[in-house]
Amino acid sequence: GLCTRAADGSTLVGEGRPAPVAMDQVPTPDYDDYFADLERSPFRDVLLTSAVLPIETSRGCWWGEKQHCTFCGLNGSTMAFRGKSPERAFADFVELATRHRHLRFAAVDNIISLDHIKHVLPRLVELGADLSIFYETKANLTKEQLLLMREAGIAAIQPGIESFSDPILRLMRKGVAGWQNVRLLKWCAQLGIRPLWNLIYGFPGEPPEEYARMAAQVPALIHLTPPNLVRLQVQRYSPYHQSPEDFGITLRGASASYRFIYPLDDRTLAELAYDFDYAYGDGRDPEAYVAPLRETIDRWQRDAKDRQSTLVYHRGPGFLRIVDRRQGFGYESYLLEGSEALIYLACDGGSTAEAVQRQVVGAGHGDLSLDDVRNFLGQLTEAGLLFEGAGRFVSLALPERQERALVRPEREAYDGPPSQGTPRRTTLPVLS
């Protein structure tokens, strides 16, 4: 795969490509020099506890092999997914932690291997070490997978959420739905895993009205981890770069910043660049319709910094008490009893009205009609206690028991409602 320069100055590109190196033959990284230099550094005490060890357990993307996300340019011709054997991946964690007496890791993998979730994480749990690991993942993780991640020491993930809009997610070819992305954020908050995620806008062909709809949904999510709002970037090797005309965009050449760095002509820059400027074939300006969402996300980020908003439920014998202290909602205390409580609990993983009715009827409430369930789910959604997408309902309140373990000590004691409001509604009496 080498490129060389011939005697006449022309470029020679080697034909053919050798077989990829087997992942178990890739050497374990050696960070001895870094830690030796760190010992002599005047910043040793500051950096030693915050240093993070990069670790590689796989290459490529198993989702991209099936369906290449339209905006992703991470792999190019190296998309084929291959991972280290579970034995080798586990051994690398142990060897690096033992050699360097360090427990913080950042996996450089594009996506965690499902095989490693199944076979490496349980061994890390058994290891009993206080690991702190970062991984990139897909967003449609199950609760059982997230529980295993937490127990194994995965403290932060980048789940590739990108949007709450199903039409826009389909444009991206993400293979997930908006309700699954919201469910993941809720479970991460519940389990103490930090999600690092972007909400991307500006996709060619995206429906502008979806941004007003998402802006209306954001206030109900303000107790969860906020995103960074990011404009679409067209990157080399992505489908948008490889065939822009198929998606209704025109490449204008290398991003303008390259011209300030490299003294080269535009054609040469376009051959070297990774990021590209582009124009929309329909002349749209995403900034004109993203403004309401930008404002709500700005508020979400400020609120998260102040750690003011919470939405929790307290589970009792035959009832739920939901306490809502989200900014913008004032103070609310909802009492759900009997079948109402069962309906709410049935929405933890995202359920249809039909599935909820079957579950509640199976629990002994045989007189509950599908219309009753739909009406009550609508009431809960209107109150911001559920997220609805594609006919699926996801509960948004966090269990009080896990919440108590995650909040700061000074916020554990309850001293009555905040000064800006008093309880306005104590029940949702649709089924009472």
Side-chain angles (χ1 to χ4, degrees), residues 23 26 28-31 34-35 38 46-64 69 72 74-75 81-84 86 88-125 127-162 174 176 181 184-200 224-228 230 301 304 406:
M23 287 299 295
V26 176
T28 302
D30 182 343
Y31 300 120
Y34 172 82
F35 283 99
L38 184 59
V46 176
L47 297 177
L48 185 60
T49 56
S50 61
V52 178
L53 302 182
I55 189 170
E56 181 184 51
T57 58
S58 68
R59 293 178 182 173
C61 179
W62 52 261
W63 174 251
C69 295
C72 180
L74 289 179
N75 289 286
F81 187 76
R82 59 265 189 221
K84 293 180 178 176
R88 171 60 193 281
F90 173 74
D92 278 0
F93 279 106
V94 175
E95 180 179 343
L96 287 170
T98 302
R99 181 196 301 168
H100 301 298
R101 292 296 191 262
H102 209 73
L103 299 171
R104 299 185 65 185
F105 291 90
V108 301
D109 308 34
N110 287 163
I111 187 170
I112 190 171
S113 166
L114 296 177
D115 191 47
H116 291 167
I117 292 177
K118 187 182 298 185
H119 299 295
V120 177
L121 299 191
R123 297 188 66 180
L124 293 178
V125 174
L127 183 64
D130 295 326
L131 299 174
S132 178
I133 307 170
F134 165 83
Y135 258 107
E136 293 194 38
T137 76
K138 205 163 181 285
N140 57 346
L141 295 168
T142 66
K143 196 171 192 177
E144 290 71 25
Q145 289 172 327
L146 283 166
L147 281 164
L148 183 56
M149 287 180 171
R150 183 193 67 180
E151 295 303 310
I154 295 180
I157 59 175
Q158 184 173 327
I161 289 175
E162 327 302 13
K174 289 297 293 184
V176 296
N181 290 337
L184 180 75
L185 290 176
K186 181 194 71 171
W187 282 344
C188 283
Q190 181 176 326
L191 300 176
I193 298 173
R194 184 185 175 202
L196 308 171
W197 66 287
N198 298 319
L199 200 154
I200 308 176
L224 306 176
T225 301
N228 292 311
V230 178
Q301 291 173 336
L406 298 175

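Just so we're clear, the structure is a prediction, and the values are computed from it rather than from any experiment. Residue numbers run from 1 in the order of the sequence given. The figures here come from the full heavy-atom set of this structure, side chains too, leaving out hydrogens, waters and symmetry mates.
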- Item | Contact summary for Lys84 and Ala89, nearest pair of heavy atoms | CB-N, 4.2 Å
- Would you check if Val125 and Glu151 make a side-chain contact, meaning some heavy-atom pair closer than 4.5 Å? yes
- Message: Would the distance check show the side chain of Lys174 and the main-chain N or O of Ala139 forming a donor-acceptor pair, the cut-off being under 3.5 Å?
- Response: no
- Which residues satisfy the salt bridge (Lys or Arg N to Asp or Glu O under 4.0 Å) test with Asp30, sequence neighbours excluded? Arg99
- Query: Does the side-chain contact (heavy atoms from CB on, under 4.5 Å) test come out yes or no for Ile133 and Leu124, once each step is laid out?
  - Reply: CA-CA 11 Å; Ile133 307 170; Leu124 293 178; 4.0 Å; yes
- Exercise: identify the closest heavy-atom pair between Pro159 and Leu184: CB-CD2, 3.2 Å
- Pair Tyr34 + His100: ring centers closer than 6.0 Å: no
- Least distance between heavy atoms, Ser113 atom then Phe81 atom: CB-CZ, 3.7 Å
- Determine, stepwise, if the pair Thr57 / Arg88 fulfils side-chain hydrogen bond (donor to acceptor under 3.5 Å, both in side chains). CA-CA 8 Å; Thr57 58; Arg88 171 60 193 281; over 6 Å; no
- Task: Taking the side chain as every heavy atom from C-beta outward, state whether Asn181 and Val176 have any pair of such atoms under 4.5 Å apart.
- Result: yes
- Query: Can any side-chain N or O of Trp63 pair as donor or acceptor with the backbone N or O of Ile111 at less than 3.5 Å?
  - Reply: no
- Query: Taking side chain as C-beta onward, heavy atoms only, is Pro54 less than 4.5 Å from Tyr31?
  - Reply: yes
- Any chance you could lay out the side-chain contact (heavy atoms from CB on, under 4.5 Å) test for Asn198 and Glu162, step after step, and finish with the verdict? CA-CA 5 Å; Asn198 298 319; Glu162 327 302 13; 4.2 Å; yes
- Under a 4.5 Å cut-off applied to non-hydrogen side-chain atoms, are Leu147 and Thr142 in contact? no
- Can you list the steps and then say if Leu47 with Leu38 is a side-chain contact (heavy atoms from CB on, under 4.5 Å)? CA-CA 8 Å; Leu47 297 177; Leu38 184 59; 3.7 Å; yes
- Task: Using a 4.5 Å cut-off on heavy atoms from C-beta on, say whether the side chain of Leu96 contacts that of Pro29.
- Result: yes
- Let me see the working for Phe35 and His102 under side-chain contact (heavy atoms from CB on, under 4.5 Å), right down to the final yes or no. CA-CA 10 Å; Phe35 283 99; His102 209 73; 4.2 Å; yes
- Between Phe93 and Phe105, what is the ring plane arrangement, given parallel below 30°, perpendicular above 60°, and tilted in between? perpendicular
- Message: Does this structure show an ion pair linking Arg59 with Asp109, if we count only N-O contacts that are shorter than 4.0 Å?
- Response: no
- So do Ile161 and Pro227 actually touch side chain to side chain, heavy atoms under 4.5 Å? no
- Query: If we only count heavy atoms from C-beta on, is the Leu199 to Val230 side-chain gap below 4.5 Å?
  - Reply: no
- Item | Name of the residue among Gln145, Gln158, Met149 meeting side chain to side chain contact (heavy atoms under 4.5 Å, CB included) with Thr137 | Met149
- Message: Could you check whether any side-chain N or O of Thr98 sits under 3.5 Å from a backbone N or O of Glu95, counting only pairs where one atom can act as donor and the other as acceptor?
- Response: no
- Task: Check Pro195 against Leu185 and note the closest heavy-atom contact, atom names and distance.
- Result: CG-CD2, 3.8 Å
- Message: Using side-chain heavy atoms (C-beta onward) and a distance below 4.5 Å, is Ile154 in contact with Leu121?
- Response: yes
- Looking at CG of Asp130 and CZ of Arg104, how far apart are the two atoms once the value is rounded to the nearest 0.5 Å? 13.0 Å
